[in-house]
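One structure is given here, and the rest of the page talks about it.
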Amino acid sequence: MRYQKPKGTADILPSDSKKWQFVEQTAQDVFESYNFHEIRTPIFESYDVFERSSGESSDVVSKEMYDFYDKGERHIALRPEGTAGVVRAYVENKLFGPEQVKPYKVYYHGPMFRYERPQSGRQRQFHQIGVEAFGSTSPQLDVEVMAMAEQLLSKLQINGMKLVINSLGDAKTREDYHQALVDYLTPFEGELSEDSKRRLGTNPLRILDSKDQHDQEIVQNAPTILDFLTPESEAHFEAVKDGLSALGIDFDVDHTMVRGLDYYTDTIFEIMVTSPAFNNSEMTVIAGGRYDGLVKEFGGPEEAGIGFGIGVERLLLLLAQDNDEVTPAPLDCYVVKTSDNVTTPAFEILQSIRRAGFSADQDYLDRKVKGQFKNADRLQARFVITVGESELAQQQVPIKNMATGVQVDVPVEEIKHDFKAVMAKLSE
RNA sequence: GCGGUAUUGGUGAAGUGGUUAACACACCGGUUUGUGGCACCGGCACACGUGGGUUCGAUCCCCACAUACCGCCCCA
């Protein structure tokens with residue numbers, strides 16, 4: 001093998017791309033029905049865009065960024081997530097302006113990059129479908145976004161999903177809680193796992209969802225962030241919960257749920273799915289939340305934002321589990337040639353069928369008639385037209401219904417001008 | 001970044017320190033004349049991830065690297 005794809009990348013072949021298209025199309029339909037519209041931003045951005053938004057100490061920035069210097073000495077990074085670029089575009093294009101209807105709602109889909117060890121459902125180039133809504137702090141918008149995420153998954157017939165929410169509060173909440181947590185954990189420092197000792201100084205919140213068993217025991221009695229919410233944040237969170245309940249959307253509150261990126265505020269949520277595809281353990285398929293300070297951080301006005309991202313690869317693993325049979329579309333017609341002398345007229349017939357909007361193909365490898373029929377069969381052609389010299393002399397060609405085996409002669413003109421009628425006649 | 005397992009043709013795979021690397025599927029060709037799905041016959045790995053080493057000799061032993069998968073970190 002001389003060449004192979006870069007580590008952590010994948011080729012999506014035609015048999016798979018059908019599933020991708022299905023997911024993307026479904027997402028688009030759902031999002032558009034909520035009045036979200038597509039935005040496309042660059043796959044790479046200035047490194048600072050991600051450093052600024054995600055937080056310098058975040059793992060994404062400190063060790064997972066796919067970055068490089070271009071020929072103009074610019075520090076560039078392939079986007080590790082979608083939100084930062086969208087916020088940058090929102091501010092740069094002044095979409096916060098009064099001529100825009102608020103909230104400003106967009107969705108996107110495309111590749112993201114993180115330099116890390118590949119695993120199942122986890123690659124260096126992976127794909128996300130995401131949405132963002134700017135310009136409203138209404139808890140109803142939080143509810144709408146979560147409802148939309150759930151609707152998409154159920155439309156994709158994903159089973160066993162669970163919505164988990166939490167609130168990170170506002171800046172003051174974070175500050176107070178951060179202090180309280182450090183105060184609580186410091187006496188246990190010696191008992192914490194190595195990772196958590198390190199996190200105590202850098203990002204104590206992360207200790208909350210440590211997988212280390214002893215860490216979890218310690219964390220069990222730690223203060224909860226929900227007790228530190230400011231009145232405004234608490235009211236917001238309550239309204240979100242009420243809103244979800246009012247719409248009949250089930251959810252769990254997990255006060256230990258945190259985020260790897262620093263920009264989140266107030267509501268954060270994840271939709272987790274338990275599936276054989278993930279060894280029957282829980283896997284987060286959708287994650288999102290509010291980021292009410294980000295727009296300002298990028299130089300825009302003090303404006304709220306909320307969004308979520310879907311891991312497409314993970315979603316597809318779930319789909320493969322449920323309905324693995326995605327049958328390839330059959331070909332409408334295959335044109336068989338009996339000799340080199342009919343190449344041009346056969347091609348004309350073929351093109352007329354294609355121009356009429358039907359899928360059709362022919363042989364390009366000089367196969368014998370038998371071989372051509374065999375390929376027609378493999379392509380699941382519904383009809384086969386055999387073009388030969390004697391037929392052309394009569395201006396009539398045999399067309400065969402491959403399912404029934406019935407073959408009849410039809411005038412060439414009829415095929416060229418109303419193939420639909422010809423097919424209809426033969427389908428009876 | 002750390003740890004574990006794996007790597008044989010188009011695919012699924014068997015196999016041994018030493019003559020022709022099983023078998024199956026797929027594919028190609030044929031079974032006389034221009035028609036598919038069946039049957040039969042024939043063909044199809046200068047080669048066993050890459051590079052070194054050990055050995056008289058390695059696909060099979062050792063080392064390194066690459067890639068894949070799993071776990072950790074982290075996350076979608």
Side-chain angles (χ1 to χ4, degrees), chain A residues 1-10 54 57-65 79-83 109-130 149 193-196 198-199 202-203 206 209-212 257-261 270-273 278-279 281-288 307-318 334-342 363 365-391 397-407:
Chain A
M1 255 347 135
R2 185 67 202 278
Y3 296 108
Q4 43 189 188
K5 60 187 177 300
K7 184 180 184 127
T9 62
S54 303
S57 68
S58 71
D59 282 314
V60 166
V61 168
S62 61
K63 60 178 200 183
E64 293 174 0
M65 200 83 99
R79 63 185 184 192
E81 54 99 28
T83 302
H109 67 96
M112 309 290 163
F113 305 82
R114 287 183 200 175
Y115 192 89
E116 60 181 344
R117 196 76 174 263
Q119 277 171 54
S120 173
R122 230 167 113 169
Q123 296 173 298
R124 289 187 171 182
Q125 175 176 335
F126 62 105
H127 299 75
Q128 284 190 353
I129 296 175
S193 65
E194 287 309 308
D195 285 322
S196 290
R198 179 174 48 78
R199 288 188 284 225
T202 56
N203 194 347
R206 298 221 60 83
D209 66 355
S210 168
K211 291 198 181 66
D212 183 88
M257 185 167 78
V258 297
R259 269 293 109 85
L261 306 176
E270 292 185 9
I271 296 180
M272 307 201 256
V273 176
F278 306 137
N279 256 325
S281 62
E282 280 184 339
M283 179 71 104
T284 300
V285 175
I286 294 184
F308 66 71
I310 305 173
V312 181
E313 279 80 0
R314 290 182 181 183
L315 198 56
L316 287 167
L317 286 175
L318 294 170
Y334 195 88
V335 176
V336 166
K337 296 161 287 186
T338 62
S339 77
D340 288 347
N341 299 328
V342 301
D363 173 63
L365 295 176
D366 287 324
R367 279 178 223 280
K368 296 184 177 174
V369 171
K370 182 180 179 133
Q372 294 182 55
F373 264 87
K374 205 167 175 184
N375 277 344
D377 194 52
R378 288 214 288 170
L379 294 169
Q380 298 183 65
R382 298 171 57 203
F383 298 96
V384 172
I385 292 173
T386 305
V387 180
E389 292 176 52
S390 55
E391 286 87 348
V397 289
I399 175 165
K400 181 175 184 177
N401 180 325
M402 293 294 272
T404 65
V406 176
Q407 177 169 295

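To find a chain, count down the sequence lines: A is the first, B the second, and so on, and within it residues start at 1. Keep in mind it's a predicted model, so treat the numbers as computed, not measured.
Contact annotation: A:R79 does not reach the phosphate of B:rA76 (side-chain N/O to OP1 or OP2, under 4.0 Å).
A:S390 meets the side-chain contact (heavy atoms from CB on, under 4.5 Å) test with no other residue; sequence neighbours excluded. Partners of A:S339 under the side-chain hydrogen bond (donor to acceptor under 3.5 Å, both in side chains) rule, at least two apart in sequence or in another chain, are A:E389. Residues satisfying the salt bridge (Lys or Arg N to Asp or Glu O under 4.0 Å) criterion with A:E270, sequence neighbours excluded, are A:R259. Here A:T386 pairs with A:V336, A:T338, A:F373, A:V384, A:P398 under the side-chain contact (heavy atoms from CB on, under 4.5 Å) rule; sequence neighbours left out. Applying the side-chain hydrogen bond (donor to acceptor under 3.5 Å, both in side chains) criterion to A:K400, with sequence neighbours excluded, gives no partner residue. Considering only residues two or more places apart in sequence or on other chains, A:R124 meets the salt bridge (Lys or Arg N to Asp or Glu O under 4.0 Å) condition with none of them. With sequence neighbours excluded, no residue satisfies salt bridge (Lys or Arg N to Asp or Glu O under 4.0 Å) with A:E313.
When all heavy atoms are compared, the tightest approach of A:A376 to A:M402 is CB-CE, 4.3 Å.
For B:rU35, the base has a donor-acceptor partner in the side chain of A:Q407 [N/O atoms by modelled type, under 3.5 angstrom].
Look at CG on A:L365: it is 9 Å from P on B:rG29, rounded to the nearest Å. Taking atom CG of residue A:D366 and atom C1' of nucleotide B:rG29, one finds them 15 Å apart after rounding to whole Å. Rounded to an integer number of Å, the gap from CG of A:L315 to C1' of B:rA76 is 10 Å. Distance A:Q125 CD to B:rA76 P: 17 Å, rounded to the nearest Å. The interatomic distance linking A:M402 (CE) with B:rG37 (C1') rounds to 8 Å, in whole Å.
Here the side chain of A:T284 pairs no donor or acceptor atom with the backbone of A:I286 at under 3.5 angstrom. One N or O on the side chain of A:R114 and one on the backbone of A:P80 form a donor-acceptor pair closer than 3.5 Å.
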Distances for protein N/O vs nucleotides 32-34 of chain B N/O pairs under 3.5 angstrom?
unit_1: B:rG34; atom_1: O6; unit_2: A:S390; atom_2: OG; d: 3.1
unit_1: B:rG34; atom_1: O6; unit_2: A:E391; atom_2: OE1; d: 3.4
unit_1: B:rG34; atom_1: N1; unit_2: A:E391; atom_2: OE1; d: 3.2
unit_1: B:rG34; atom_1: N1; unit_2: A:E391; atom_2: OE2; d: 2.7
unit_1: B:rG34; atom_1: N2; unit_2: A:E391; atom_2: OE2; d: 2.9

Every protein N/O lying under 3.5 Å from an N/O of nucleotides 64-66 of chain B:
unit_1: B:rA66; atom_1: O2'; unit_2: A:Q4; atom_2: OE1; d: 2.9

Below 3.5 Å is the cut-off: list the nitrogen or oxygen pairs between protein and nucleotides 1-6 of chain B, distance only.
unit_1: B:rC2; atom_1: N4; unit_2: A:R117; atom_2: NH1; d: 2.4
unit_1: B:rG3; atom_1: O6; unit_2: A:R117; atom_2: NH2; d: 3.2

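Here the nucleotide nearest the side chain of A:D377, chosen from B:rA26, B:rA76, B:rG36, is B:rG36.
In this structure, the separation between CD on A:E282 and CD1 on A:I271 is 12.5 Å, given to the nearest 0.5 Å.
Residue A:R367 is the one, among A:G405 and A:R367, whose nearest nucleotide of RNA chain B lies closer to the 5' end (criterion: closest heavy atom).
Base pairing in RNA chain B gives the following stems of 3 or more Watson-Crick or G-U pairs, range against range and under 3.5 Å: B:1-7 with B:66-72, B:10-12 with B:23-25, B:27-31 with B:39-43, B:49-53 with B:61-65.
The salt bridge (Lys or Arg N to Asp or Glu O under 4.0 Å) contacts involving residues 365-384 of chain A comprise A:D332-A:R382, A:D363-A:R367, where partners must be two or more places apart or lie in separate chains.
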